[in-house]
Engineer: 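Structure incoming, see below.
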Amino acid sequence: MSPPASQPAVLTEGNSRVPLLRTTILRRIVRESVLVSAAAIVVVSLLSIVVVQSLLSERTLSQLSSVATARKDILEVTIQHDRERTAFTAASPELHALVQNWDPDSALLLLNSLRSQNSAVIGMSVFSPNHTLLGFTGVASVPFTGTLTATKVVPSLDRLGSWNGYDMYSPVYADGSVFIGYVAIYYDVAPLLTSVFGNLGLGESADIVLGRQLNGSVSVLHHYQEKNQTRVFSSVVADVLSPEGALLKKAVTGGEGAVDVRNADGIALLAAYRSIPSLGWGMVVSVQKSEILSGVQYFAVDLLIVSTLLILFSAIIGYLLAKSLTSPLKSLSSSLSALMPGHWTFARSVHTGDEVEMLDYIIADLTSRLKKTYDHLEELVAERTQALNKEYALDRAILESIEYGVMTLDAAGLITDVNPAFLTLLGYARQECVGRQGIEVLQLSQKKAIFTADTHPVTQCLSSLRSFRSSASMHLSMLKKNQTLLPVLLMVTPLMEEKTLLGAIVIFQDMTEDRQIDYMKSEFITLASHQLRTPLSAVRWNLELFNEAGATLDESHKEYMTEIEQSSRRMAKVLDELLHAARLEEGGYAYEKQKVKIVAEIKRIADENSILTEAAGMHMSVQLPATDIDVSTDPILLEIVLQNLVANAIKYSPKGSSISFVAEVLADRVEVRVTDAGMGIPVSEQKRVFEKFFRAHNVRQTDTDGTGLGLYISKRAIESLGGGISFVSEEGKGTTFTVNMPLI
Ligand code: ADP
C-alpha cells in the first residue's frame, strides 16, 4: 500500500489532522509589539501628564508667592513714602503758618510743591485739634475720627464703595510738643493701584484682593481681575467662611503662605496670601488652576500624536522583524511538507545564521537519517511479507487439503471463511456461506432432535467462550444443502486474543463410514442375539419339561442339571443386555412414554427385588413417598435401570449387609437412590463406570458373570427419557447410585 501522492504521509498519519492556522507568528508579533508599546506609551504619557501638572502647580505657586510679595512691597513702600512726606510736611514751618493762619495762596503753593514730589497728591486740608476744618486746597479731606498721635493713612471710598483715594493725617506740634492741629493730604489711589494691581502676568484668570480689618470684620478694600482689567468692587465685607474669604482673613491677621484650594463655586485655584502688617491689611493673589494646566492639554495632544507615531513605528518594526523571522520558517515548513515516502530529499535553504538555520540543519540531518531508516524498513517489510506469504500459502494449502470441514466465524457469529472440504461435504458454494450466520449454514441435529439457535454449540461457544467437542456416541448430524443428513464429529473452539473474543473455529469430521460400521455391528449383535435366543429358549424349555417329568436323578446329575439351568439363565441375561445395548446405541429402541404412577411402580420393583435380597441373606429398607404422582415415562426402560442398580447392589455387597432403596418426589423430578454397604468402586476407575463393557478390577475376581453393560445401558436409557444418573462410592465402604427423572 502506498500513501496518496497529494497527501504527505508524515502529516496525515494516524488520526491526527493538519491543524488549521488560527493565527500566524507575523500577526502575533505585530499584535504583541503594538500592544506592549501602546501600554508602555499610555503609562508613560499618563505619568508625564501627572508630573507636568504637579510641576506646573508648584511653579505657579512659587510665582504667585513672588508676585504677592512684590506687590505687597510696592504697596508698603509707596504708603511709607507718602507717610514720611506727610509727616515731613506737618513738621514744616509753612504748615505751622497755615494752621495758625490759613492762607489759600501759600496753601496752594505748598500743595504744588507736594505734587511735584508725587503727582498722586490732589488735596490738602488743615484741621484744628477739635477737627474743625481750618482750610483746604484741591480736594478736601474729611476730619480724622479719634485721637491722632502719629501719621495715619485712611482709605477713602466713593459712593459706590470704590476705593478712590486715601488720606494721610499727621499731627502738627508747636514748639515740638504742643498739638495745634493736624494736616490731611489726600492722595489719588489710581497710580498706586496701577503699580500694585496692574499687569500681574499670571494669566487671564489672575485675581488680586486687598483686604483690611474694619469694625471687627474683614472687608475687601480692592479686588482686581486681570481678565477685565477693572477694579471690581471694594469695601464689601468678605465672606470669611468661603475659601477665598478665609485666605483673606488669614492674610489680614498676619498669615502668609501659598495653597491649592477650591473657591466657593468649586473652581480649583492656586493662591498666595501675604499680610501687610504696617497697614493691618492683607493681600491674596490667585489664579485658576485650569488656566495654568491648559498647557498640559496641548502637551497631552502632542503626546498622543507622538504616541500614535511611535506605535505605528513599532508595528512597522514588528512587522519587518516578524517577516524576517517567519519567512525562513515558512520555507522550512513547505520543504517539510514535501517530504514523503519516495521523496526524502531536503535541500537546505535557510542561511540566517540564527536558531532557524540550526533548525534547518537539524531537519536536513533528520531527513537523511529518516531516509536510511525508511529504506531499511522497506527491505524488512518486503522480507517479512515474503515470509508471511509463504506461511499463509502453507496454512492455506493445509486447510484446503485436509478432509475435515473447517469454518471460521467472527465474534458476531458471521462466517468469515470455509475450506473446500467444508463446501464439498455440505454441498454449498463458497459465496453461499461467507458473510452468513454460522448457525444458519451449520444446521445440527442429534438423533432426531434439531439444535435451536440457543442450544447450538456455536452460540454456546461464542457466549460461554468454552470449546465444544462431540463424542461418537452423541450421534450428531449436519443438514446438507440437499436436505440430507451428514453424520459428523464436531469441534467448536473460541478464538481469543488475550481476553478478547475474535470469533470461533468449527472443525467437523465426516462420520458416515464409522456410523455405518457401528450400525452394522449393532445389527450383527441384534441378529446374533435373536438367533441365539431361539435355541436357548428351546434348551430352557426342555430343561423345565425334564424337571416336570420328575425323572429320578442321582445327586451328581441333579447338580449338573442345576448348573445347566443357571448357565442358560445367565446366557439369556447376557443376550438381553447385548440386545438392549445394541438397540439403544443404534437409536432403534422406540421407547414409549406413558402416564405412570411412579410411586406404585417403584414399589413394585422394590417388592420384586425384596425376594432377591432375602435370598441373598440381605436386608433391604424401602422408603417411598406417601402420595403418588403421575409421571410421563417408559415403564420398561425405567424397570431396566432400577433393576440393574438393585441387582448390582446385591451382587457387589457381602451377605448379611443392608441395602436401602429410597424414592423422593421433588418439585420438578423424582429422585431414586440405591445405597449399599458393599465393596465400592475404586476412585481411579470411577470415571469409566458408565463405559461399555467396563468392570472394575476389584469385582473381576469375586464375580465373573458380569458383562459391564448394565450401567452403560442404564445411563443411555435414563438419558433418553430426559433424566440422569450419578453415583458416589468409596472402596470397601459402599456405593450410592442416584437416578433423576423429570416429572413430565
Ligand atoms: P456388571 O455388573 O455386569 O459388571 P455393570 O455395568 O452393571 O456391569 O457394572 C459395571 C461395573 O461397575 C461393575 O463391574 C462394578 O465394577 C461396578 N459396579 C456397579 N455397581 C456397583 C456397586 N453397587 N458396587 C460396587 N461396584 C459396582
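Every number for a ligand or one of its atoms is a count from 1 in the order of the listing.
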Engineer: Which protein heavy atom lies closest to atom 3 (O) of ligand 1, and at what distance to 0.1 Å?
Structural biologist: T707 N, 2.9 Å

Engineer: Starting from atom 10 (C) of ligand 1, locate the nearest protein heavy atom and write down its residue, its atom name and how far away it is, to 0.1 Å.
Structural biologist: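 The closest one turns out to be F694 O, 3.2 Å.
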
Engineer: Tell me which protein heavy atom sits closest to atom 5 (P) of ligand 1, plus the residue, atom name and distance to 0.1 Å.
Structural biologist: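 Minimum-distance protein heavy atom for atom 5 (P) of ligand 1 reads L711 N, 3.6 Å.
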
Engineer: For atom 23 (N) of ligand 1, grab the closest protein heavy atom and report residue, atom and distance to one decimal in Å.
Structural biologist: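 Heavy-atom neighbour on the protein nearest atom 23 (N) of ligand 1: D676 OD2, 2.8 Å.
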
Engineer: I'd like to know whether ligand 1 has F727 as a neighbour, heavy-atom separation below 4.0 Å.
Structural biologist: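 F727 does not count as a contact of ligand 1 under the 4.0 Å cut-off.
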
Engineer: Are R396 and D417 close enough for a salt bridge, meaning some N to O gap below 4.0 Å?
Structural biologist: yes

Engineer: Using a cut-off of 6.0 Å, state whether more than 12 heavy atoms not belonging to K593 lie near its atom NZ.
Structural biologist: yes

Engineer: Numbering the atoms of ligand 1 from 1, which are under 4.0 Å from a heavy atom of K651?
Structural biologist: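 It comes down to these atoms of ligand 1: 1 (P), 2 (O), 3 (O).
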
Engineer: What I want to know is whether V699 and ligand 1 share at least one N or O pair that is separated by under 3.5 angstrom.
Structural biologist: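 No, no N or O pair falls under 3.5 Å.
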
Engineer: Between N648 and ligand 1, is there a nitrogen or oxygen pair with a distance under 3.5 Å?
Structural biologist: yes

Engineer: Any idea which of V646, I659, I681 brings a heavy atom closest to atom 26 (N) of ligand 1?
Structural biologist: I681

Engineer: Is the Y404 to F422 ring centre distance short of 6.0 Å?
Structural biologist: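 Not close enough - the centres of the two rings lie 6.0 Å or further apart.
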
Engineer: Give a yes or no on whether a salt bridge exists between E719 and R716, defined as a side-chain N under 4.0 angstrom from a carboxylate O.
Structural biologist: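 Salt bridge absent between E719 and R716.
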
Engineer: With a 4.0 Å cut-off, would you call R436 and E432 a salt bridge?
Structural biologist: no

Engineer: I'd like to check which ligand 1 atoms, numbered from 1 as shown, lie under 4.0 Å from a non-hydrogen atom of N644.
Structural biologist: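 Matching atoms, with element in brackets: 7 (O).
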
Engineer: Look at ligand 1 and say whether G678 reaches it with a heavy atom at a distance under 4.0 Å.
Structural biologist: no

Engineer: Salt bridge check, D607 against K603: does any charged N sit closer than 4.0 Å to a carboxylate O?
Structural biologist: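 Salt bridge flag = yes for D607 with K603.
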
Engineer: Nearest to atom 16 (O) of ligand 1 by heavy atom, S653, P682, G710, A696: which?
Structural biologist: A696

Engineer: Examine R695 against ligand 1 and note whether any of their N/O atoms are separated by less than 3.5 Å.
Structural biologist: yes

Engineer: Give a yes or no on whether a salt bridge exists between E671 and R673, defined as a side-chain N under 4.0 angstrom from a carboxylate O.
Structural biologist: yes

Engineer: Write out the residue and atom name of the closest protein heavy atom to atom 21 (C) of ligand 1, then the distance separating them to 0.1 Å.
Structural biologist: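 Residue, atom and distance for the closest contact: Y652 CD1, 3.4 Å.
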
Engineer: Run the numbers for me: atoms of ligand 1, each under 4.0 Å from some heavy atom of L709, listed by number.
Structural biologist: 6 (O), 8 (O)

Engineer: Measure from atom 8 (O) of ligand 1 to every heavy atom in S714, A677, G708 and give the option owning the shortest one.
Structural biologist: G708

Engineer: Do D554 and S556 meet the criterion of a side-chain donor-acceptor pair at a distance under 3.5 Å?
Structural biologist: yes

Engineer: Are F737 and F727 near enough that their ring centres are under 6.0 Å apart?
Structural biologist: yes

Engineer: Under 4.0 Å from a heavy atom of F737: give me the atoms of ligand 1 that qualify, with their elements.
Structural biologist: 20 (N)

Engineer: Check each heavy atom of T735 against ligand 1 and say whether those closer than 4.0 Å belong to the side chain, the backbone, both or neither.
Structural biologist: side chain

Engineer: Check this for me, if you would: do E685 and K687 make a salt bridge, where the nitrogen-to-carboxylate-oxygen distance has to be below 4.0 angstrom?
Structural biologist: no

Engineer: Any carboxylate oxygen within less than 4.0 angstrom of a Lys/Arg side-chain nitrogen, looking at R604 and E608?
Structural biologist: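 A salt bridge is present here (some side-chain N lies under 4.0 Å from a carboxylate O).
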
